[in-house]
Chemist: 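What follows is a single structure, and I will ask about it in a moment.
Since the structure is predicted, the reported quantities are computational estimates derived from the model, not experimental observations.
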Amino acid sequence: MSDAAAVDDGLSFTKDAADPSRRTWIAVTGCAAAAGGVAVAVPFVSSFAPSEAAKAAGAPVEVDIGSIKAGEKITVAWRGKPVWIMHRTPDQIAELPKHDAELADPHSERNRPDQTPPYAQNEHRSIKPEYLVVVGICTHLGCSPGDRFAPGAQPSLPADWPGGFLCPCHGSTFDLAGRVFKNKPAPDNLQVPPYKYLSDSRLLIGDDSKA
């Protein structure tokens, strides 16, 4: 390469670097690339931030039970699970001890601590006999049992059926205290979630700490 060519190349480089329009084009291009990176990164990073629904999923749920009539049941969501709250009639409560011999664990003695809190380890499996509070998920494979409150013979149920819940998947049956009958696929009684009374007509599900 001649000295003149070298000088020309050097001048050419110097002119390009000093050219305002070229510098502007380079700056714009760089900013656009950076902005594109941010546009991609923001949704990616924000995907790690929990949504409001996700944050609320584990929070305790306050429920007004004052309007539940005797014999009725309502369902509320807690941690993505259906929680049943049933207002049992005096007759339904009186029937509970009459079929203990047919149950796999009538007093919830073999359940894990998270399955039945100490205050529900009794015949009616609740703090107050008139209100049943259980997670409506079968302990076999996670299906949701259906209501079979009426006593007596019915399809898929025995002639002496006392009333309760039937899981349609594999035939597990539970009484009106959520206790599983013997010789059924479900290994445990229905789970009793942690809960406490805020008043005679209000429950807090998901928190049983003392005030």
Side-chain angles (χ1 to χ4, degrees), residues 57-61 63 65 68 71-89 91-196 203-209:
V61 178
V63 186
I65 62 173
I68 308 175
E72 291 183 347
K73 184 196 83 176
I74 66 169
T75 302
V76 299
W78 171 69
R79 291 188 175 178
K81 303 175 183 178
V83 174
W84 297 340
I85 304 172
M86 182 177 182
H87 187 175
R88 291 177 288 208
T89 67
D91 288 344
Q92 289 171 334
I93 297 170
E95 287 294 319
L96 292 178
K98 296 181 181 180
H99 53 267
D100 279 6
E102 303 172 47
L103 302 170
D105 186 19
H107 300 290
S108 301
E109 296 170 331
R110 74 183 190 194
N111 284 340
R112 305 183 306 274
D114 63 332
Q115 198 75 13
T116 309
Y119 47 78
Q121 291 179 354
N122 48 54
E123 203 133 58
H124 41 80
R125 296 190 78 229
S126 59
I127 298 174
K128 295 183 179 182
E130 61 268 36
Y131 287 105
L132 172 69
V133 182
V134 292
V135 175
I137 297 177
C138 181
T139 55
H140 179 217
L141 292 177
C143 303
S144 187
D147 301 345
R148 295 293 186 274
F149 296 160
Q154 300 167 55
S156 303
L157 294 170
D160 61 348
W161 176 245
F165 309 96
L166 169 66
C167 184
C169 299
H170 299 93
S172 293
T173 49
F174 304 85
D175 73 348
L176 288 176
R179 301 176 296 177
V180 68
F181 283 83
K182 289 180 179 178
N183 304 316
K184 299 296 180 180
D188 291 310
N189 298 334
L190 297 180
Q191 179 189 5
V192 175
Y195 75 98
K196 64 183 178 182
L203 288 179
L204 188 64
I205 298 170
D207 182 6
D208 55 6
S209 60

Chemist: Please lay out, stage by stage, how I85 and L132 fare under the test side chain to side chain contact (heavy atoms under 4.5 Å, CB included).
Modeler: CA-CA 6 Å; I85 304 172; L132 172 69; over 6 Å; no
Chemist: For F165 versus P145, what's the shortest heavy-atom pair and its separation?
Modeler: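 It is CB-CB, 4.0 Å.
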Chemist: If you take all heavy atoms of I93 and P129, which pair is closest and at what distance?
Modeler: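 Of all heavy-atom pairs spanning I93 and P129, the closest is CD1-O, 3.5 Å.
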Chemist: Please examine the side chains of S209 and K196, heavy atoms only from C-beta on, and report whether any two atoms are closer than 4.5 Å.
Modeler: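 Yes; the side chains approach each other to less than 4.5 Å.
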Chemist: Quick one: ring pair (Phe, Tyr, Trp, His ring centres under 6.0 Å) partners of Y195, sequence neighbours excluded?
Modeler: Y119
Chemist: Mind checking what makes ring pair (Phe, Tyr, Trp, His ring centres under 6.0 Å) contact with H87, not counting sequence neighbours?
Modeler: Y131
Chemist: Below 4.0 angstrom, N of the basic side chain to O of the carboxylate: do D147 and K73 qualify?
Modeler: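 Looking at K73 together with D147, the answer is yes, because their closest N to O distance falls below 4.0 Å.
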Chemist: Is it true that a side-chain atom of S144 and a backbone atom of G136 form a donor plus acceptor pair closer than 3.5 Å?
Modeler: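 Judged by distance alone, yes, a pair lies under 3.5 Å.
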Chemist: Quick one: does D188's side chain get under 4.5 Å of V180's, heavy atoms only?
Modeler: no
Chemist: Look at the side chain of H124 and the backbone N and O of S126, then say whether any donor-acceptor pair between them is shorter than 3.5 Å.
Modeler: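 Indeed, once roles are kept as given, a pair shorter than 3.5 Å links the two residues.
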Chemist: Evaluate whether the separation between SG of C138 and SG of C167 stays below 2.5 angstrom.
Modeler: no
Chemist: Going by distance alone, is a donor N or O of one side chain under 3.5 Å from an acceptor N or O of the other, for N122 and H107?
Modeler: no
Chemist: Name the residue from R125, E123, Q121 that meets the side chain to side chain donor-acceptor pair (under 3.5 Å) definition with S108.
Modeler: R125
Chemist: Check whether any side-chain N or O of T116 sits under 3.5 Å from a backbone N or O of V192 as a donor-acceptor pair, and report yes or no.
Modeler: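 Here the side-chain-to-backbone pair does not exist.
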Chemist: Verify the distance criterion only: is there a donor paired with an acceptor across the side chains of T89 and D91 at less than 3.5 Å?
Modeler: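 Result is no, nothing qualifies.
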Chemist: Taking the side chain as C-beta and beyond, is there a heavy-atom pair between M86 and I68 under 4.5 Å?
Modeler: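 Side-chain contact under 4.5 Å: no.
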